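Reviewing the structure listed below.
A quick note: this is a predicted structure, and the numbers were derived from the prediction, not measured. Values reported hereafter were calculated over all heavy atoms of this structure, with side chains retained and with hydrogens, waters and symmetry mates removed.
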Amino acid sequence: MNHALKSAFCAYRLLIRAGDLLQPLVLVLLRLWIAHVFFSSGLTKIAPVRTTTNS
């Protein structure tokens with residue numbers, strides 16, 4: 001294997017390792033964001049009509 005290909009392979013392995021380490025954090029952040037969307041939607045549904053429509 002030549003030097004350029006070996007360097008590219010090492011960079012790829014490092015990228016895959018970083019992705020494996022960051023995946024749980026990204027998934028938690030995504031789940032929290034989706035939970036916030038659903039929570040905000042629920043608050044809108046139980047809010048009085050006057051506050052929902054800003055009249």
Side-chain angles (χ1 to χ4, degrees):
M1 224 188 290
N2 63 18
H3 183 66
L5 191 57
K6 194 177 279 189
S7 295
F9 183 70
C10 286
Y12 175 74
R13 284 180 45 203
L14 181 64
L15 183 67
I16 295 299
R17 234 182 283 153
D20 285 343
L21 291 175
L22 291 176
Q23 182 183 12
L25 177 64
V26 171
L27 289 176
V28 165
L29 291 175
L30 182 63
R31 287 177 180 146
L32 287 173
W33 177 68
I34 292 173
H36 173 70
V37 170
F38 276 98
F39 186 72
S40 298
S41 173
L43 287 179
T44 303
K45 289 178 191 249
I46 65 170
V49 175
R50 180 165 281 192
T51 16
T52 311
T53 58
N54 291 327
S55 304

* To do: Begin with the C-alpha distance, continue with both residues' side-chain angles, and end with the deciding distance and a verdict on side-chain contact (heavy atoms from CB on, under 4.5 Å) for L29 and W33.
  => CA-CA 6 Å; L29 291 175; W33 177 68; over 6 Å; no

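We find the CD-CG distance between Q23 and L25 to be 11.0 Å, quoted to the nearest 0.5 Å. Of the inter-residue distances, the one linking L27 atom CG with L22 atom CG reads 10.5 Å to the nearest 0.5 angstrom.
With a 4.5 Å cut-off between side-chain heavy atoms of Ile, Leu, Val, Met, Phe, Trp and Tyr, the cluster of L14 takes in none. Under a 4.5 Å side-chain heavy-atom cut-off, the cluster of Ile, Leu, Val, Met, Phe, Trp and Tyr residues that includes F39 is completed by L43, I46.
In the hydrophobic clustering of this structure, F38 groups with L30; members are Ile, Leu, Val, Met, Phe, Trp, Tyr whose side-chain heavy atoms approach within less than 4.5 Å, directly or through other members.
The main-chain N or O of H36 is found under 3.5 Å from a side-chain atom of S40 such that the two form a donor-acceptor pair.
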